[in-house]
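Beneath this line is the structure, given in structure tokens, with notes to follow.
Just so you know, ligand 1 is whichever comes first in the structure, and atom 1 is the first atom listed for that ligand.
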Amino acid sequence: MELKIYKDKAEVAKYFAIYLKELIRTNDKLTIALSGGSTPKVIFDYIAENFNDLDWSKVFLYWGDERCVPPTNEQSNYLMTVEHLISKIDIPKENIFRVLGEECPNEEAKRYAMVLNETLEIEHDVPQFDLVILGMGDDGHTASIFPHEINLWDAAESCVVATHPESAQKRVSITGKIINNAKQVAFLVTGASKAEKVDEIINTAEVSKNYPATLVKPTSGNLYWFLDEDAAEKIK
Ligand code: 6PG
């Protein structure tokens, strides 16, 4: 596990983009599970503005989780990614594997698990991403595995249906076996509201056992925390 602490969100965006550019440059093919929420917006904007000349034909985009809403809904992680990245880079449509948020959540979780099985490398009998990008909620959730459903992390399935603790919104999320089977995992975590959980997880506080983000331990050992100083406030 490596901690990468930068001054602010803009610097996190810059250095994560450089990290991603290097991965794209040094791999013939790169399969990526994207995170949702707000943090990726600045990072996608930076990549689109500074690295839209990369060979995106080598990159295959998936989502680690999606809100069960249509792709036109402002809550859609897919829509956010189209607006901040996909619409600004030259990536083949067939390289994009969207979670169909508008479909029946249970059916879509099954379908997306099959997509992963059919299109990703299989390592240790499990689909393997080259890179899984994760965010972390103020409650210690990651992807869409929330503390009140932490058991979903160990599900036998590759994808599950989760429920947001406040809004009860349904989500489709990859599970722990997919996340921890990835060649590389990168957390993008910014803002003071995350500092307490970052501290408890990094310093393995007893309470952190309740946080799904604590369970992110890729067997490859390649885990990177991209943090801004606010999120790293308590571990600096
Ligand atoms: C989602 C995410 C989720 C997100 C965290 C952090 O769909 O909401 O994938 O896991 O990464 O909630 O969200 P922010 O970046 O908005 O703080």
(message) Restricting to non-hydrogen atoms, name the atom on R111 and the atom on R98 that form the minimum distance, rounded to 0.1 Å.
(response)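 Looking at all heavy atoms of both residues, the closest pair is NH2-O, 3.2 Å.
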Check the side chains of [Y] and [X] for a donor-acceptor pair under 3.5 angstrom, ignoring hydrogens and angles.
X   : Y    : result
W63 : T81  : yes
Y78 : E66  : no
D65 : S173 : no

(request) Kindly compute the distance separating OG (S158) from CD1 (I178), expressed to the nearest 0.5 Å. (result)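 Those atoms lie 3.5 Å apart.
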(request) Supply the atom-to-atom distance E103 CD to K110 NZ, rounded to the nearest 0.5 angstrom. (result)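 Rounded to the nearest 0.5 Å, the CD-NZ separation comes to 13.0 Å.
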(request) Give the numbers and elements of all ligand 1 atoms closer than 4.0 Å to a heavy atom of R171. (result)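 Answer for ligand 1: 1 (C), 7 (O), 8 (O).
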(message) Closer than 4.0 Å to some heavy atom of G135 - which atoms of ligand 1 meet that?
(response)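 Listed by number with element, the hits are 11 (O).
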Just need the protein heavy atom nearest to [atom], so name the residue and atom and give the distance.
atom                    : result
atom 6 (C) of ligand 1  : M136 O, 3.5 Å
atom 4 (C) of ligand 1  : G36 O, 3.9 Å
atom 5 (C) of ligand 1  : H141 NE2, 3.4 Å
atom 17 (O) of ligand 1 : K194 NZ, 2.7 Å
atom 15 (O) of ligand 1 : T39 OG1, 2.5 Å
atom 8 (O) of ligand 1  : R67 NH2, 2.8 Å
atom 13 (O) of ligand 1 : G37 CA, 4.0 Å
atom 2 (C) of ligand 1  : D65 OD2, 3.3 Å

Close N or O approach ([X], ligand 1; < 3.5 Å):
X    : result
P40  : no
S144 : no
S38  : yes

(request) Under the salt bridge (Lys or Arg N to Asp or Glu O under 4.0 Å) rule, what do E2 and K4 come out as? Steps first, then yes or no, please. (result) CA-CA 6 Å; E2 193 180 329; K4 299 173 178 279; 3.1 Å; yes
(request) For K177 and D154, run salt bridge (Lys or Arg N to Asp or Glu O under 4.0 Å): C-alpha distance rounded to whole Å, both residues' side-chain angles, the deciding distance at 0.1 Å, then the answer. (result) CA-CA 7 Å; K177 73 174 191 178; D154 296 318; over 6 Å; no
(message) Any non-hydrogen side-chain atom of F187 less than 4.5 Å from a side-chain atom of Y224?
(response)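 Result no, sub-4.5 Å side-chain heavy-atom pair not found.
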(message) Does only the side chain of D138 get under 4.0 Å from ligand 1, or the backbone, or both, or neither? Count heavy atoms.
(response)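 Neither; nothing of D138 gets under 4.0 Å from ligand 1.
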(message) Among V132, V185, I179, exactly one meets side-chain contact (heavy atoms from CB on, under 4.5 Å) together with P218. Which residue is that?
(response)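 The passing option is V185.
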(request) Look at atom 3 (C) of ligand 1 and find which of P212, G137, A143 reaches it with the closest heavy atom. (result)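 Looking at heavy atoms only, A143 sits closest to atom 3 (C) of ligand 1.
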